[in-house]
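Have a look at the structure that comes next, please.
Predicted model, so just to flag it, every value in this text is computed and none were measured. Quick note: numbers below take in every heavy atom, side chains included, and nothing from hydrogens, waters or symmetry partners. Position 1 is the first residue of the sequence; numbering continues from there.
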Amino acid sequence: MTNRRRRNVPPRRSRTRQITPRTHWLLLSVLAVTLSAALLLQGYTHHMFGITSDDVTDRGRNDLVPSQVVHGGPVIANAATSAHTARVKAHTVALTFDDGPDPTWTPRILDVLRRNHVHATFFVVGTQVVAHPELVRRIVAEGHQIGIHTFTHPDLARLAPWQRSLELRETQLAVAGAAGVTTALLRPPYSSNNATLDNADWSVLRQADAAGYVTVLSTKDSEDWQRPGVERILAHATPHGDGGQIMLMHDAGGDRSQTVAALASLVPRLKAQGFTFATVSDAVGMAAPVQAAGLGDHLQGLALIKALQGGDWVVRLLGLLMYAAGAISVLRAAIVLIAARRHRRLRTRRRGRTWGAPVTEPVSVIVPAYNESAGIEAAVRSLLASDHPVEIIVVDDGSTDGTADLVDSLHLPVRVIRQRNAGKPAALNTGLAFATCDLVVMVDGDTVFEPDTVRTIVQPFADPRVGAVSGNAKVVNRGGLLGRWQHIEYVVGFNLDRRLFDLAECMPTVPGAVGAFRRQALLDLGGVSDVTLAEDTDLTMALCRNGWRVVYEEAAKAWTEAPASLNALWRQRYRWCYGTLQAMWKHRGAMVQGGAAGKLGRRGLVYLLLFQVLLPLLAPVVDIFAVYGLVFLDPVRILGLWLAFLLLQLLMGLYAFRLDGERPGPLWSLPLQQFVYRQLMYLVVIQSVFTALTGSRLRWQRMERYGSLRAPAGAETPLDGHSPQEPGLAQPTPYDGFSYAAPYDGHAQPPPHNGLRQRAPHEAPHRY
């Protein structure tokens, strides 16, 4: 954000960085792809499968399993060619532990093994390796053997071949990254002994053999996974006879306190019975299956571990941000609804007392126009139909579509001033220089007033503390979904916020579509500044900082033309949002000021930062996490939370529509709004913040006009030099005495603001 730009100073191109939208979209796309990949990987590894009970009984046919395997030893090699098996030596027990490592139980089991000078084999799960690589290093360092138990603990027989390969390869890489070793030992999840192998299991073993793995089954199941009690585990684990055994136990997958206690008794008991303990390879006389990993595998493994740990961190962060966004949304809803109710009560009480004596003095209405030929006639005729005396000044800012000529051709009592294209702030300042009334109403060229709008909006000026009044802007072109969505936004978003700002005396914006000002208050500021793209917000904040009160008059209605395409809407909101960020940065000093300026800073700016910048930046997290939850978590719970969020918005909408006297029919499109319109607004804020941080600049852009404006009934004003008036109001100043500016042809421009002095300490001198 910057406050150094001046219309009368040519921009220095060498110091202005122009970042194209393509750069923004590229960065956002890279971020979206990276985030999506991290979430997909994290969801797959943590939620698609998982460690469950080993009690799997639904086995199929086994006619393809070789008989020598069915009746052979628990270690199976060469399954893809000429399968053979190996048995454990007599009086030998190979302790094996599945599903780890676990930060609670694996260290305790390692401690028991170390005290008894026993080595075992640990079949690790890849996700656990990623989460606790230091335990894998300890296992290897203490002389134990490593085998793999897949990455996410799925039933490999139920997976496609490519998924099996992925499970094995990723686990191998995780082990290589964590401990710098690779292993040829595999124990498929939910496997048991040789006799339980079926055809599907055999296809897994054949594929594993082709990948270089030796499958290790078990001969003795301690059944500790059932947690039957220490004595039952000891009974199941004690061999009958002197035959060698591969003992199945678990160091993860739940509470393994019974396993630890049973192991502490089992090892001494079996030693006393003459059994020795060995790793799987030593127990069957197998060449060393664990080797040092190559540099490439080690680096890839480290990258995998860091990527998955990063994904875990991202998901945790998203979870926190989701809760933060939800809390902020609920907080905003509560604040605006309570404020709106209180505002309504105060206004209801005030109706009998009004602001003071009726304001009947004439008003200057300034209409800045740039290529507004589609709607300028309706706008002007609606102003002439006002029931309050008005002086209408149309400032044509270098239009190329004949806007000024069109107004001249109407032969209405309207002053038309032409100038070279210099931007909306310059047009407003030109109109301000020609205005002759103490009160000024500013209205966009795409807006029509109701007959009582001018009279209603100036009544708060009966209070001498009021320096500006915001009117109630409404969308006129509500046809189609986009029109309805903007209508909802104007009523629910903008107008509820204005009621809150009015109550808190920290109004940050008087909209350009309908706003009234004390002319002298504007002159004291030096006119309308052009250092931001949101000149209305900048001007309003400057008035607040200069001690003036800014209020909201919801009865002063103006009908404005909203963008009718997503592209036009994007351009408009991008300019609005970026300009608001500029204005917030420019007036950040209000945070430490007192009086009206302090209210703007500590109430208005904090609200804007929290709810119009931070919340839109966080809100996409809710949508991202909702999609993540529907795919990987509990879809019913996620859908319930989303519906609760939607219900909250619907309740806000119903109340806001009731306050504004609007029919609630358009609210049926609110659910659809969440999927298109809201996402667009998020992207607007994200790109605006990015643009502000990079120091890029935007220009005041002309919006598309569609000719949907219509002057109100009775707006065909007779050419008698007077506008209609209400009985009892002062007679407007005749327009016959005004001089009409000729088209710009090289003659002098409208006079400058002679004698203007800069009073606000936060504004720099400015010329127009």
Practice prompt. Check whether the ring centres of His343 and Phe501 lie less than 6.0 Å apart, and answer yes or no.
Written response: no
Worksheet item: Does the side chain of Ser364 pick up a donor-acceptor pair with the side chain of Glu391 at under 3.5 Å?
Response: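 Present: a donor and an acceptor within the cut-off.
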Practice prompt. Look only at the side chain of Gln486 and the backbone of Pro563, and say whether a donor-acceptor pair between them is shorter than 3.5 Å.
Written response: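 A pair under 3.5 Å: yes.
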Item to complete: Return yes if some donor-acceptor pair links the side-chain N/O of Arg342 with the main-chain N/O of Ala339 below 3.5 Å, else return no.
Response: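 Flag not set: sc Arg342 to bb Ala339 has no pair under 3.5 Å.
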Discussion item. Going by side chain to side chain donor-acceptor pair (under 3.5 Å), Lys424 matches just one of Asp536, Asp444, Asp397, Asp530. Which one?
Written reply: Asp444
Item to complete: Only pairs at least two apart or in different chains count here, so list each salt bridge (charged side-chain N to carboxylate O under 4.0 Å, His left out) that has a residue in residues 486-498.
Response: Arg332-Asp497, Glu489-Arg573
Fill in: Gap between atom CG of Leu522 and atom CG of Leu543 - 0.5 Å precision
6.0 Å
Discussion item. Donor-acceptor pair, distance only, cut-off 3.5 Å: does the side chain of Ser386 make one with the backbone of His388?
Written reply: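 A pair under 3.5 Å: no.
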Discussion item. Run the salt bridge (charged side-chain N to carboxylate O under 4.0 Å, His left out) test against Arg465 and tell me which residues pass, sequence neighbours left out.
Written reply: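 Arg465 satisfies salt bridge (charged side-chain N to carboxylate O under 4.0 Å, His left out) with Asp463 once adjacent residues are dropped.
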Worksheet item: Is there a donor-acceptor contact under 3.5 Å from the side chain of Glu450 to the main chain of Lys557?
Response: no
Worksheet entry | Heavy-atom closest pair, residues Ser399 and Asn371 |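 Closest approach of Ser399 to Asn371: OG-N, 2.7 Å.
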Discussion item. Looking at every heavy atom in both Ile366 and Gly431, which two are closest together, and how far apart are they?
Written reply: CD1-C, 3.4 Å
Worksheet item: For Ala534, does its backbone N or O pair with a side-chain atom of Asp538 as donor and acceptor, under 3.5 Å?
Response: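 Side chain of Asp538 to backbone of Ala534: no pair is present.
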Item to complete: Can you see which heavy atom on Arg519 is nearest to which on Ala433, and at what distance?
Response: NH2-O, 4.0 Å
Item to complete: Can you measure from CG (Asn477) to CH2 (Trp559) and round to the nearest 0.5 angstrom?
Response: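 Answer rounded to 0.5 Å: 11.0 Å.
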Item to complete: Of all the heavy-atom pairs spanning Ala556 and Ile457, show the shortest one and how long it is.
Response: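 Scanning both residues completely, I find the closest heavy atoms to be CB-CB, 3.6 Å.
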Discussion item. Nearest 0.5 angstrom please: Met584 CE to Leu608 CG, how far?
Written reply: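 Those atoms lie 5.0 Å apart.
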Discussion item. Any side-chain to backbone donor/acceptor pair from Asp396 onto Arg418? Under 3.5 Å, distance only.
Written reply: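 Judged by distance alone, no pair lies under 3.5 Å.
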Worksheet item: Under 3.5 Å, side chain of Arg549 to main-chain N/O of Pro464, donor-acceptor pair present?
Response: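 Checking the backbone N and O of Pro464 against the side chain of Arg549, no donor-acceptor pair under 3.5 Å is found.
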Worksheet item: Which heavy-atom pair separates Gly445 from Val367 by the least distance, and what is that distance?
Response: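 Smallest interatomic distance, heavy atoms only, reads CA-CG1, 3.9 Å.
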Worksheet entry | side chain to side chain donor-acceptor pair (under 3.5 Å) partner of Thr509, the single match among Thr537, Thr580, Thr540 |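 Considering Thr537, Thr580, Thr540, a side chain to side chain donor-acceptor pair (under 3.5 Å) with Thr509 is found only for Thr537.
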Item to complete: Check Gln582 against Thr532 and note the closest heavy-atom contact, atom names and distance.
Response: OE1-CA, 3.3 Å
Item to complete: Could you pull out all residues at least two apart from Arg499 that satisfy salt bridge (charged side-chain N to carboxylate O under 4.0 Å, His left out)?
Response: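 With neighbours one apart ignored, the set is Asp660.
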